Amino acid sequence: MEGKLVIKIVGVGTGGCHAVDHMYLKGISGVDFVFIDTHPYTFGRSDITEQICLSTGLTEGPYDPEMGRKAAEESREEIAAALQGADMVIIVAGMGGSIGAGAAPVVAEIAQSIGSDLTVGVAARPFKFEGEHWLCRAQEGIALFKEKVDSLVVISNEHLLRTLKPKITLANAFTASNEVLYQAAQGLCDPITRNCLISFADFVSLMKNAGLAHIGVGQASGENKVEKAAKEAMSSSLLELPVGGAQRILVSFLVPPDVDLKKLDNVASMIFNAAPEDVNFIWVAAIVESPENIVRVTVFATDFAD
């Protein structure tokens, strides 16, 4: 591939935009950010400059996936222009049954049509307390989204609750959800934007036409931090299916400069040994300095047998 790799992270719908704004504020190097929503107030609260307000002429009445789909269809040319030139598009959306669930598959379809090499969806399944109605709509949205992307990472907010401290508030529940979505996007981007630790072609081969991707995240500091972070990622409640059933696995290490390469290799071998013999397995590492000297491990397990 010639020239600079272009990655665009696109927030779709209010939930997706909030999550992408969190990513923007936390920082993911080497990417561009795009907002797509029907609510003008979403844009005024962010410094992200690439913003598309979907057709307001179609947004009277109840907010539902069908409205989101129609609004995105009306803005296909504007969306295509915003995504033009992207080698990889990461589309982030809440699947709570509103605008994001309907518009995200359209955005993915547009990304594919303009020639993006890889289109990855990152979707949040609603909390149970949001209601059974939204959970059912989310399942429908996830199924449609999956058809339009190469890989779809689904974050179960209900499973996320298990990782939170005993006092769970409405505010910290949604903040924690945004943080996991950020970690997923960072785990996808950093290995291919920081020092080219994996070729983009190899990355595409792993994630292309891979279907549902399950994710486990872990972090640790102090003694044996690599091993601790990896074990936390492998036992993460976010992993809805065991890694042993995946045909493709990507392990992303974000490490401080002083981490021993042998430790990374040993931990990667441990994860590899838990997978099928014919697994397509890649582990990559990116150097990320932090005051806490933290190691972050993200495991993406994809291509599960039906």
Side-chain angles (χ1 to χ4, degrees), residues 1 5 7 23 26-31 88 90 118 120 151 153 155 163 179-180 182-208 210 213-304:
M1 174 176 294
L5 186 69
I7 300 173
M23 298 174 193
K26 292 273 293 192
I28 299 178
S29 65
V31 306
M88 178 166 78
I90 300 174
L118 189 65
V120 179
S151 299
V153 180
I155 307 297
T163 70
E179 180 62 21
V180 173
Y182 160 72
Q183 290 174 357
Q186 184 185 42
L188 287 166
C189 295
D190 275 0
I192 54 176
T193 58
R194 293 178 181 268
N195 303 322
C196 298
L197 296 170
I198 177 176
S199 76
F200 185 60
D202 285 343
F203 184 80
V204 169
S205 73
L206 193 74
M207 302 297 287
K208 192 79 172 175
H214 294 273
I215 180 176
V217 295
Q219 67 177 40
S221 58
E223 191 174 356
N224 299 320
K225 53 183 176 283
V226 176
E227 294 86 347
K228 290 177 181 177
K231 287 179 180 178
E232 182 179 321
M234 289 290 287
S235 62
S236 171
S237 62
L238 298 174
L239 277 170
E240 297 185 10
L241 291 174
V243 167
Q247 296 300 311
R248 309 185 213 178
I249 296 175
L250 169 67
V251 182
S252 169
F253 296 97
L254 305 180
V255 302
D258 63 343
V259 165
D260 188 340
L261 180 61
K262 289 182 180 179
K263 288 190 175 184
L264 295 180
D265 188 53
N266 288 339
V267 167
S269 296
M270 176 194 73
I271 299 172
F272 174 79
N273 291 332
E277 289 185 3
D278 58 348
V279 67
N280 181 355
F281 182 90
I282 296 177
W283 72 267
V284 294
I287 296 172
V288 181
E289 297 190 43
S290 68
E292 303 85 1
N293 232 24
I294 289 175
V295 168
R296 291 183 174 85
V297 178
T298 308
V299 177
F300 295 94
T302 74
D303 197 7
F304 288 85

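Throughout, residue positions are numbered sequentially from 1 according to the sequence presented. Since this is a predicted model, take the numbers as computed values, not measurements.
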Decide yes or no on side chain to side chain contact (heavy atoms under 4.5 Å, CB included) for I192 and I7, but give the supporting numbers first. CA-CA 10 Å; I192 54 176; I7 300 173; 3.8 Å; yes
If I take atom CE from residue M207 and atom CE from residue M88, how far apart are they, to the nearest 0.5 angstrom? 8.0 Å
Hey, is NZ on K231 packed in by over 12 heavy atoms from elsewhere, all under 6.0 Å? no
What are the two closest non-hydrogen atoms of K228 and A220, and how far apart are they? CB-CB, 3.7 Å
F203 side, atom CZ; C189 side, atom SG - distance, nearest 0.5 Å: 7.5 Å
If you apply the rule side chain to side chain contact (heavy atoms under 4.5 Å, CB included), what do you find for L254 with T298, and how did you get there? CA-CA 8 Å; L254 305 180; T298 308; 5.7 Å; no
Quick one: pull up CD1 in I294 and NZ in K225 and give me the separation to the nearest 0.5 Å. 10.5 Å
Applying side chain to side chain contact (heavy atoms under 4.5 Å, CB included), run through N280 and Q247 and close with a yes or a no. CA-CA 6 Å; N280 181 355; Q247 296 300 311; over 6 Å; no
A quick test of your reading: do over 12 heavy atoms of other residues, nucleotides or ligands sit less than 6.0 Å from CD of E223? no
Do the side chains of I249 and F272 get nearer than 4.5 Å, heavy atoms only? no
Please tell me if the side chains of Q186 and K26 come closer than 4.5 Å, counting only heavy atoms from C-beta onward. no
Value rounded to 0.5 Å, distance of OG in S205 from CD1 in I282: 5.0 Å
CG/L250 to CH2/W283 distance, rounded to the nearest 0.5 angstrom? 12.0 Å
Taking every heavy atom of V297 against every heavy atom of A233, the minimum-distance pair comes out as O-CB, 3.7 Å
What is the distance from atom CG of L188 to atom CZ of F300, rounded to the nearest 0.5 Å? 3.5 Å
Backbone N or O of T302 within a donor-acceptor pair of the R248 side chain at under 3.5 Å? no
